[in-house]
2 protein chains.
Amino acid sequence: MVVETLSENELDRLFQALADSTRRDIVRRVTLGGYSVSGLAALYAMSFAAVQKHVAVLERASLVTKEKHGREQIVRGNHEGLQEARRLLDGYEQIWRQRADRMADILAEG
Amino acid sequence: MVVETLSENELDRLFQALADSTRRDIVRRVTLGGYSVSGLAALYAMSFAAVQKHVAVLERASLVTKEKHGREQIVRGNHEGLQEARRLLDGYEQIWRQRADRMADILAEG
DNA sequence: CTAACGTACAACCAAATGGTTGTAGAAACG
DNA sequence: CGTTTCTACAACCATTTGGTTGTACGTTAG
């Protein structure tokens with residue numbers, strides 16, 4: 001498995017992209033199956049251009065990919081992006097665990 | 001264990017809070033051990049007030065807690081907040097897995 | 001060919017963000 | 001006591017964000 005660590009800027013974009021409920025909903029939907037941009041746009045109470053921008057944000061964050069298919073652009077979930085986010089949070093979790101372990105050691109010594 | 005699901009707004013705040021490298025660094029540091037606000041401020045090339053705002057953002061996102069101790073305010077990592085974020089991403093992961101399983105089924109049927 | 005559809009992108013706007021400086025209060029120190 | 005330290009918060013500023021409308025262009029349908 002290729003484990004490339006993301007730059008801080010890439011992480012910024014990743015979490016920034018997830019920090020909007022419409023975009024999280026898009027991620028959920030396109031992970032289950034491909035949607036055209038206009039297909040997505042039909043789902044939300046906002047303009048086509050607004051949804052288009054949300055998709056662009058997700059694409060820049062590597063959470064989603066677009067694939068041209070005729071005159072449509074099919075949006076699909078990108079597993080890699082999500083895994084990166086999970087990986088970072090798992091890292092925090094480990095830091096926490098190590099800290100808890102040290103606490104236990106200290107209590108045991110005391 | 002108390003598993004309360006966060007509202008969309010709370011998730012917005014959570015991921016928004018993680019979408020800044022300074023704040024991610026603060027989370028890492030205060031998870032390893034408590035820091036006063038000025039102790040944190042000393043670590044970054046920005047004003048005390050700026051760091052104070054970052055801590056406030058993290059606090060509103062439940063990623064960090066503050067505890068008054070004399071004239072200092074000790075900042076500590078809040079495990080619950082991080083777990084919520086991980087939980088959501090794990091949810092996406094499961095959606096992906098289910099999709100992959102269905103794909104495998106379809107291929108097997110074919 | 002012409003009309004409709006799907007997309008891209010620019011221009012604009014209000015609100016939020018990330019930073020600054022300055023002021024003020026509460027706690028500790030000499 | 002007076003002074004320093006730590007914190008909080010307001011006011012301000014530039015940039016980004018999330019939305020809008022309008023225009024333009026390639027692709028499909030009739």
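The basis for the numbers below is simple: all heavy atoms, side chains too, and nothing from hydrogens, waters or symmetry mates. Every chain is numbered from 1 and lettered A, B, ... according to where its sequence line falls, protein lines coming before strand lines.
- Atom OG1 of A:Thr65 is separated from atom CD of A:Glu80 by 10.5 Å, given to the nearest 0.5 angstrom.
- None of A:Arg99, A:Glu93, A:Arg97 except one satisfies the side-chain hydrogen bond (donor to acceptor under 3.5 Å, both in side chains) rule with B:His79; the exception is A:Glu93.
- Here salt bridge (Lys or Arg N to Asp or Glu O under 4.0 Å) pairs that include residues 67-76 of chain B, with residues two or more places apart or in two chains, are B:Glu67-B:Arg76.
- The separation between A:Asp12 atom CG and D:dT16 atom P is 13 Å, rounded to whole Å.
- Salt bridge status for A:Arg87 with A:Glu84: present, with a side-chain N to carboxylate O gap under 4.0 Å.
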Could you list the donor-acceptor pairs under 3.5 angstrom formed between side-chain atoms of residues 14-35 of chain B and any protein atom two or more places apart in sequence or on another chain?
residue : atom : partner : partner atom : Å
B:Asp20 : OD1  : B:Thr22 : N            : 2.9
B:Asp20 : OD1  : B:Arg23 : N            : 3.1
B:Arg23 : NE   : B:Ala17 : O            : 2.8
B:Arg23 : NH1  : B:His54 : ND1          : 3.1
B:Arg23 : NH2  : B:Gln16 : O            : 3.1
B:Arg24 : NH1  : A:Asp12 : OD1          : 3.0
B:Arg24 : NH1  : B:Leu18 : O            : 2.8
B:Arg24 : NH2  : A:Glu8  : O            : 3.1
B:Arg24 : NH2  : A:Glu8  : OE1          : 2.9
B:Arg24 : NH2  : A:Asp12 : OD1          : 2.9
B:Asp25 : OD1  : B:Arg28 : NH1          : 3.0
B:Asp25 : OD2  : B:Arg29 : NH1          : 2.7
B:Asp25 : OD2  : B:Tyr44 : OH           : 2.6
B:Thr31 : OG1  : B:Val27 : O            : 2.7

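- Scanning residues 13-26 of chain A for heavy-atom distances under 4.0 Å to DNA chain C yields an empty list.
- Two residues are said to be in side-chain contact when any heavy atoms from C-beta on lie closer than 4.5 Å; A:Phe48 and A:Val51 fail this criterion.
- Nearest-nucleotide positions on DNA chain D for B:Phe48 and A:Ser47 put B:Phe48 closer to the 5' end.
- Two different hydrophobic clusters hold A:Val57 and A:Leu82 under the rule that ILVMFWY side chains link at heavy-atom gaps under 4.5 Å.
- Heavy atoms only, all atoms of each residue included: A:Asn78 and A:Val64 are closest at CB-N, 3.8 Å.
- Contact footprint of chain B on DNA chain C: nucleotides with an atom under 4.0 Å from a non-hydrogen protein atom, first to last in 5' to 3' order, C:dG18 to C:dA28.
- Near DNA chain C, meaning a heavy atom under 4.0 Å away, the residues from residues 28-42 of chain A are A:Ser36, A:Val37, A:Ser38.
- One distance of note links CG of A:Asp90 with CH2 of A:Trp96; it measures 15.5 Å at 0.5 Å rounding.
- Listed here is the closest heavy atom pair of A:His69 and A:Ile74: CB-CG1, 3.9 Å.
- Annotation: proximity of residues 50-74 of chain A to DNA chain C (heavy atom, distance under 4.0 Å) is found for A:Gln52, A:Lys53, A:Lys66, A:Arg71, A:Glu72, A:Gln73, numbered in ascending order.
- With hydrogens and angles disregarded, no donor-acceptor distance shorter than 3.5 Å links the side chain of A:Ser38 to the backbone of A:Ala41.
- A:Val37 has its side chain out of reach of A:Leu40: every pair of non-hydrogen atoms, C-beta onward, lies at least 4.5 Å apart.
- Two residues are said to be in side-chain contact when any heavy atoms from C-beta on lie closer than 4.5 Å; B:Lys66 and B:Glu59 meet this criterion.
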